[in-house]
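This report refers to the structure that appears directly beneath it.
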Amino acid sequence: MWNNQNLHMQRGKFIVFEGIDGSGKTTLSKMLAQELAQNGPRVHWTCEPTHNVIGKMIRSVLTHQLEMNEQSIAALYLADRMDHIQHPDYGMLHQLNAGDHVISDRYYLSSYAYHVPHVSLDWVVDANSIAANVLRPDVIFFIDIDVQTSMDRIARFRTGVDLFENEERITLVHANYQRAIEKIRHEENIVVIDGRKALDEVYAEVKRVADGVFK
Ligand code: TYD
């Protein structure tokens, strides 16, 4: 039932963080969520792939428990995203319409970066327009680091990774991000942040832009 409170309720803000491995997007997005939560409205930190039913299926593919071709995987990420947006209980739209803020670690820009060339950039952008038309971020932070910085950070913080295989993949994903950003920058509010500096400095930059979104 409608009530006056709902009519005047301001929709929450939807903020997305993107970047290659080691960019710091997860840490930065959690820092922002934590700081915003101190100022009043509820803040939901979330991520894609999700931890919901379809997201779990994707994680089984990522850990090689389930085998699937790349086009099906691309479609699965989209299905996970639509469920993430629209589910009546945990859906982001529902939370935003209730006035809560939502911060997501990855959204459709990740699909543009990770699924090409298994599918074309045009296809993946077109397919994801179903998500973009329902829920466009108020801002997408692209935390930009170069491939070498990514490799150095992975080598420092992770064990058991095949660095050679990683470098090839990270180089491709990095180039795909640049190409995708160029393609969609007129439709999206994308803010590129230099992620190579110290965490505090990078966060200060994120916070400065986020403050503008909340004005
Ligand atoms: P994530 O959990 O962010 O892992 P990491 O912190 O190691 O980057 O993402 C898991 C993987 O899913 C990552 O390799 C990127 C990939 N991915 C896609 O391929 N397409 C998508 O649409 C999304 C959201 C993620």
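Side chains included, hydrogens not; waters and symmetry mates left out as well; all remaining heavy atoms used. Whatever order the structure lists ligands and atoms in, that order sets their numbers, starting from 1.
Classification of D21 and R169 as a salt-bridged pair fails, no side-chain N sitting under 4.0 Å from a carboxylate O. Look at E182 and R185 and you find a salt bridge, because one of the NZ, NE, NH1 or NH2 atoms lies within 4.0 Å of a carboxylate O, short of that distance. The residues R156 and D152 are annotated as not salt-bridged, no charged nitrogen and carboxylate oxygen being separated by less than 4.0 angstrom.
Closest to atom 6 (O) of ligand 1 among all protein heavy atoms lies K25 NZ, 3.8 Å. The shortest contact between atom 19 (O) of ligand 1 and any protein heavy atom is with Y114 CB, 3.1 Å. Remark: minimum distance from atom 22 (O) of ligand 1 to any protein heavy atom is reached at S111 OG, 2.5 Å. Looking only at protein heavy atoms, the nearest one to atom 20 (N) of ligand 1 is H115 NE2, 3.0 Å. The protein atom (non-hydrogen) at minimum distance from atom 18 (C) of ligand 1 is Y77 CZ, 3.3 Å.
If you look at D21 next to ligand 1, the close heavy atoms, those under 4.0 Å, all belong to the side chain. With a heavy-atom cut-off of 4.0 Å, E70 does not touch ligand 1 at all. Contacts of R106 with ligand 1, taken as heavy-atom pairs under 4.0 Å, involve the side chain alone.
The environment of CZ in R42 is sparse: at most 12 heavy-atom neighbours from other residues, nucleotides or ligands sit within 6.0 Å.
Pairing each heavy atom of I143 with each of G195, the nearest pair is CG2-CA, 3.8 Å.
Aromatic ring centroids of F14 and Y107 lie under 6.0 Å apart.
Taking every heavy atom of E48 and a limit of under 4.0 angstrom, the matching atoms of ligand 1 come to 24 (C). Within the listing of ligand 1, atoms 21 (C), 22 (O), 24 (C) sit less than 4.0 angstrom from a heavy atom of R81.
Using bins of under 30°, 30° to 60° and over 60° for the plane-to-plane angle, the ring pair Y114/Y177 lands in the perpendicular bin.
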